[in-house]
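Written out below as structure tokens is the structure these notes cover.
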Amino acid sequence: MIKKILNFISDLTKSRIFVIGAFFAFLFALLIHKVFVLQVIEGESYLESFTYRIQKETELPSSRGTIYDRNGKILAYNRLANSVTIEDSSLLKTNAEKNEMILRLIQLIEGSGYEAIYNIPIRLYDDGTMEFTFSGNSRLRFIRNVYGKDNIDQLSEEQKNVTVEDLFDYMCHGDDSTSMFGIDDSYSTEDALKIAAIRYELFMKRYEQYLSVTVTSDVSDTLVAKIKENTAELPGVTIEQDYVRQYENSKYFSNITGYCGEISEDELEEYRQAGIDTYTSGDIVGKTGLEKSFEDELHGEKGKQTVYVDSLGSILEVAERVESSPGNNLYLTIDKDYQIQAYNLLEEEIAGIVLQKLSSDGNDGININEVYAAFIKNGIIDLDRMKDKGASDLEKYIYSMYESQESSRFETIRHLLDGTNMNSYNGCSEEEREYIELIENIITNNGILDTSKLSSDDETSQLWATGNTSLYEYLHYAIGKDAIQVSALEISDTFLDSNQIYAALTEFILLELDGNNSFSKIVYCAMLNQGMISGQQICELLYEQGVLEKDADYDNLVNNVTDAYAFIYNKIKNLEITPDMLALDPCSGSLVVTDPKTGEVLALASYPSYDANRIGDASYFASLLENESLPLYNRAMLQKTAPGSTFKMITAAAGLEEGVITPDSYITDLIVFDKVGTPASCWSTQFSHGSIEVTEAIKESCNYFFYEVGYRLGIDSNGYYNSEYGIQRLRKYMALFGLDRTSGIELDEADPNMSDMDPVLSAIGQARNSYTPSQLARYITAVASKGDLYNLSILDKLTDPNDQLIEDYTPEIIDHIDFKESTWNSIFNGMYKVIGNSSFYSIFSGLDVEVAGKSGTAQENALRPDHGLFVSFAPFDDPEVTVTVVLPYGYGSYNSGSVAKNMLSYVFHQNEATDGKRQAANVEGNTVSD
């Protein structure tokens, strides 16, 4: 049996089949072994080698600290949001591929109702023209970046003076040495600019590997899904979670919180020069308000991570991660409810004043035609929309009329420029004067007219300043004085006579006016004044352009049930049209509430304001800049006015403490004070206040009494009047009440201006006295506390992210005004009597809490209404709050007193219950002379 087996094996091994089988078995065994090694033993290593892996270092954003009011109510916080970002991808080899992908991304974003972020200082207009949006060093830094230079000094003169069109062409096509972004001419100019803007951002990060650029932020889940669905076609595009700054009830607090935005190159440069290298392009920083002044405390510390990603940007592995640290939290002394109420009261009162002064003829008030024109001048009606293809029939009709007038208006301007019209400024029509002012602004703002080379002593300069010479003569005079910068006119021939320079200047002006929005506004308003556009059409445009939503009032308007005047009146009454939309006098105001026991500011309202949540919207921001009511301007901290009669407590204190009067001194009001210089009259020019002492003088606001006190302060030891001696004595008391310095509030603030002349006029708050509402609030806080002078503060405390105290900002008394008790009693009693006098009794009579106050009226411009001021505190016997109200051009102090009373009513819970519907205040039109 065994022998048979051995013979079989022997025969088999001699067979060719065996040899072939053994050979294939050996090969199969080798294959199995190799597969085992590749997949099991070395599988992980080969998988890692096979997968396309990129090491990428990214920053992790930090959450900005929260801002709270005094009661822990949130004013500003961060919320998570999705952002679309892009970075250079190695899968896109050519410019053409990159540009095509970027345009596809932009179309996807815009098709979803979002706008891409274009941080490029070039604006494209509808007619295809371009301009730089930056000037000076900012423009040069942008040019430097495009040409790839390290600093501005490396730019040639030709590069420094490159036109916006030539620079854009270079970005698209490059030159002999570089193709730059290689954007070919198949793209429209608009698309090319959008592509160039994103390519520029990527270009600026070319040395920071895999640092992404945010294309759009705070997008919906729908757009996120679309992006992810198209990942294969959008290499380098990812969705990242980031923080978005959110402001609660923003318009009430934006003058305090300010707003955040993407760091600019100028800011980045400033941080680097200060030795701070933690900021990079694309970071969010505080731009204004507390967001800016507390940037270091609020911004937090960014984290970082090292990851491996595949060719499509998907994360394969997180190699290293350092978490970010949130910023610190800031608590304010501001009471959220007080602040909202203060703002609303200002708006309601100002709207009420507008209504009380509104008429069809405008005698001593506001002509209804001024309201119609205000919608045009203030940018509420969008003139560019009138010529769009999608314009309504009404818009097209009005624009067609504008086109028929435009050429004749240009002819009017040519006559002003070529000497055909040699009328002086004063001799021109109102429309012509507006053209002249516009021309002067254009050549000044463009650096063509250098007024520093024009002497105010020259006859022509004096004639121009008084409106007694023509534009033609003035411009020729400026050329003769070498005040026209020929280089700014971009004239190639430098050897020109005065006529050639003037011809070039004229051409420049006419080109600048073509398509100029301010020129269009003048023409539209002229058409309105001439009856070519009606008030009803203006009202209908408010609906056509979405300023107002169509309602029953619209139906009544178009069906002639309601005329345009009644329509406007009703809309202002219901605050659907607000004072800031009109920018007529009055359109603004400030209200400051303080605690005199602590120096804390409880409300700091500035009207009008803006929505900080929308500040990143370019069209919204442009509308803020165009709005003549200046919503970005913090009036409570920056707008200075003469204090008027609110100053008289300082004069009373100076007189009493210096001994020139006593509480029992009586001065007889002779109406006209003629002891020095130009005679000055008491506000009551027909009836004397008689013989009065200081409390009655404060009550009646008797100018004559305080003229006399100012005069007596100027009597020196020899018995002679010395104006310099008098003003120095008065200034001592201004300084004691803190009017020689800013208020201490932790925001940008204008410097005060203590009068340095004429103690007689200065004694009634005139002459050169000029202060902000915040400075007057500090002064009245010192009065209410009987001498405690604080640096006012809007800050309560700073805490870490776990709410552990870092710093307590409780204000400290920086000085104490040590007056005789009789002096304080005289001031307090005088202010108490103000509330009970005939002018203000009707306002405050319904208020149970006892109030002390002082009104003030100040004239800044004889052609405009007087400013109205009111300072107050309550309760009288133990002050808990002070209220300071300033209404610029508010038709006197009665209206300011009304706002103060309503604020005090709210503070002491005596306000009447309402149904929540706000309306303009019922303003009686009373005038207080003080």
Side-chain angles (χ1 to χ4, degrees), residues 81-88 95 98-135 138-139 141-146 163-173 180-184 187-206 211-219 223 227 234 236-240 242 244 259-268 280-285 287 384 614-625:
N82 292 314
S83 297
V84 180
T85 64
I86 186 173
E87 62 185 39
D88 268 325
N95 277 326
K98 293 177 181 179
N99 297 335
E100 184 179 352
M101 186 276 288
I102 289 172
L103 182 59
R104 185 181 299 116
L105 174 63
I106 292 171
Q107 290 171 340
L108 196 61
I109 291 170
E110 292 179 347
S112 299
Y114 294 92
E115 291 186 6
I117 301 170
Y118 304 116
N119 293 318
I120 186 171
I122 296 177
R123 178 182 292 124
L124 175 67
Y125 290 100
D126 292 339
D127 60 2
T129 60
M130 293 180 173
E131 73 170 5
F132 287 117
T133 57
F134 291 168
S135 59
S138 297
R139 181 182 66 87
R141 275 194 285 273
F142 172 63
I143 295 171
R144 172 202 67 186
N145 293 337
V146 172
T163 64
V164 63
E165 290 82 9
D166 287 344
L167 187 69
F168 177 61
D169 183 71
Y170 175 80
M171 293 173 72
C172 289
H173 306 110
M180 282 302 286
F181 304 146
I183 303 173
D184 61 51
Y187 296 103
S188 68
T189 305
E190 182 180 2
D191 287 343
L193 183 59
K194 292 176 180 178
I195 295 169
I198 294 177
R199 290 293 304 274
Y200 171 76
E201 289 290 306
L202 292 168
F203 177 72
M204 291 301 297
K205 298 180 186 295
R206 62 193 182 280
L211 198 58
S212 61
V213 170
T214 300
V215 183
T216 188
S217 58
D218 198 12
V219 300
L223 179 56
I227 297 291
L234 302 171
V237 177
T238 57
I239 301 296
E240 293 184 2
D242 203 348
V244 173
Y259 60 88
C260 294
E262 189 167 322
I263 193 168
S264 67
E265 285 200 38
D266 288 345
E267 290 167 329
L268 199 55
T280 58
S281 178
D283 282 351
I284 300 299
V285 297
K287 295 286 187 176
D384 288 334
R614 298 179 60 196
I615 209 72
D617 181 339
S619 60
Y620 176 70
F621 188 70
S623 72
L624 296 178
L625 295 177

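Between Tyr114 and Thr216, the closest heavy-atom pair is CB-OG1, 4.2 Å. The minimum heavy-atom distance between Phe132 and Thr163, with the atom names listed, is CE1-C, 4.1 Å.
Put simply, the side chain of Ser83 never gets that close to the backbone of Thr214: no donor and acceptor are under 3.5 Å apart. Of the possible polar contacts, one joining the Asn99 side chain to the Phe181 backbone as a donor-acceptor pair under 3.5 Å is found. Remark: the backbone N or O of Asn82 is not paired with any side-chain donor or acceptor of Asp242 at under 3.5 angstrom. Between the side chain of Asp191 and the backbone N or O of Tyr187 there is no donor-acceptor pair closer than 3.5 Å. Remark: the backbone N or O of Gln107 is not paired with any side-chain donor or acceptor of Glu110 at under 3.5 angstrom.
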Stepwise side-chain contact (heavy atoms from CB on, under 4.5 Å) test for Glu115 and Ile109: CA-CA 7 Å; Glu115 291 186 6; Ile109 291 170; over 6 Å; no
Starting from the C-alpha separation in whole Å, work towards a yes-or-no answer on side-chain contact (heavy atoms from CB on, under 4.5 Å) for Val213 and Met204. CA-CA 10 Å; Val213 170; Met204 291 301 297; over 6 Å; no
Show, in sequence, the C-alpha distance, side-chain angles and deciding distance for Glu131 and Arg123, and conclude whether the salt bridge (charged side-chain N to carboxylate O under 4.0 Å, His left out) test is met. CA-CA 5 Å; Glu131 73 170 5; Arg123 178 182 292 124; 2.7 Å; yes
Before you tell me yes or no, could you show the steps for Val215 and Leu105 under side-chain contact (heavy atoms from CB on, under 4.5 Å), namely the whole-Å CA-CA distance, both residues' side-chain angles and the distance that decides it to 0.1 Å? CA-CA 9 Å; Val215 183; Leu105 174 63; 4.1 Å; yes
side-chain contact (heavy atoms from CB on, under 4.5 Å) between Ile195 and Arg199, intermediate numbers included: CA-CA 6 Å; Ile195 295 169; Arg199 290 293 304 274; 4.0 Å; yes
For Lys287 and Glu267, run salt bridge (charged side-chain N to carboxylate O under 4.0 Å, His left out): C-alpha distance rounded to whole Å, both residues' side-chain angles, the deciding distance at 0.1 Å, then the answer. CA-CA 10 Å; Lys287 295 286 187 176; Glu267 290 167 329; 2.7 Å; yes
Between Asn145 and Tyr200, is the side chain to side chain donor-acceptor pair (under 3.5 Å) condition met? List the steps. CA-CA 9 Å; Asn145 293 337; Tyr200 171 76; 3.2 Å; yes
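Every residue two or more places apart in sequence or in another chain that forms a salt bridge (charged side-chain N to carboxylate O under 4.0 Å, His left out) with Asp283 is listed here: Lys302. By the side-chain contact (heavy atoms from CB on, under 4.5 Å) test, Ser619 is found to be paired with Asp617, residues two or more places apart in sequence or in another chain being considered. Every residue two or more places apart in sequence or in another chain that forms a side-chain contact (heavy atoms from CB on, under 4.5 Å) with Asp169 is listed here: His173. Under the rule for a salt bridge (charged side-chain N to carboxylate O under 4.0 Å, His left out), Glu262 has no partner lying at least two apart in sequence or in another chain. Partners of Val244 according to the side-chain contact (heavy atoms from CB on, under 4.5 Å) rule, which considers only residues two or more places apart in sequence or in another chain, are Arg79, Ala81, Asp218. Applying the side chain to side chain donor-acceptor pair (under 3.5 Å) test to Glu201 and every residue at least two apart in sequence or in another chain returns nothing.
In this structure the side chain of Arg139 never reaches within 4.5 angstrom of the side chain of Pro121, judged on heavy atoms. Residues Ile86 and Leu202 meet the side-chain proximity criterion, which asks for heavy atoms closer than 4.5 Å. Ile263 has its side chain out of reach of Ile284: every pair of non-hydrogen atoms, C-beta onward, lies at least 4.5 Å apart. Using a 4.5 Å heavy-atom cutoff, the side chains of Val84 and Thr238 are not in contact.
Between the CD1 atom of Ile120 and the CD1 atom of Ile198 there is a distance of 10.0 Å, given to the nearest 0.5 Å. Note that the CE atom of Met180 and the CZ atom of Phe203 stand 4.5 Å from one another [nearest 0.5 Å]. In this structure, CD1 in Ile143 is found 11.0 Å from OG in Ser138, a value given to the nearest 0.5 Å. To the nearest 0.5 Å, atoms CG (Leu167) and CE (Met130) are separated by 10.0 Å. Note that CE of Met171 is 7.5 Å distant from CD1 of Ile183, once rounded to the nearest 0.5 Å. Here CD1 of Ile615 is found 5.0 Å from CG of Leu624. Values are rounded to the nearest 0.5 Å.
Both tests pass for Arg614 against the ring of Tyr620: distance under 6.0 Å to the centre and angle within 45° of the axis.
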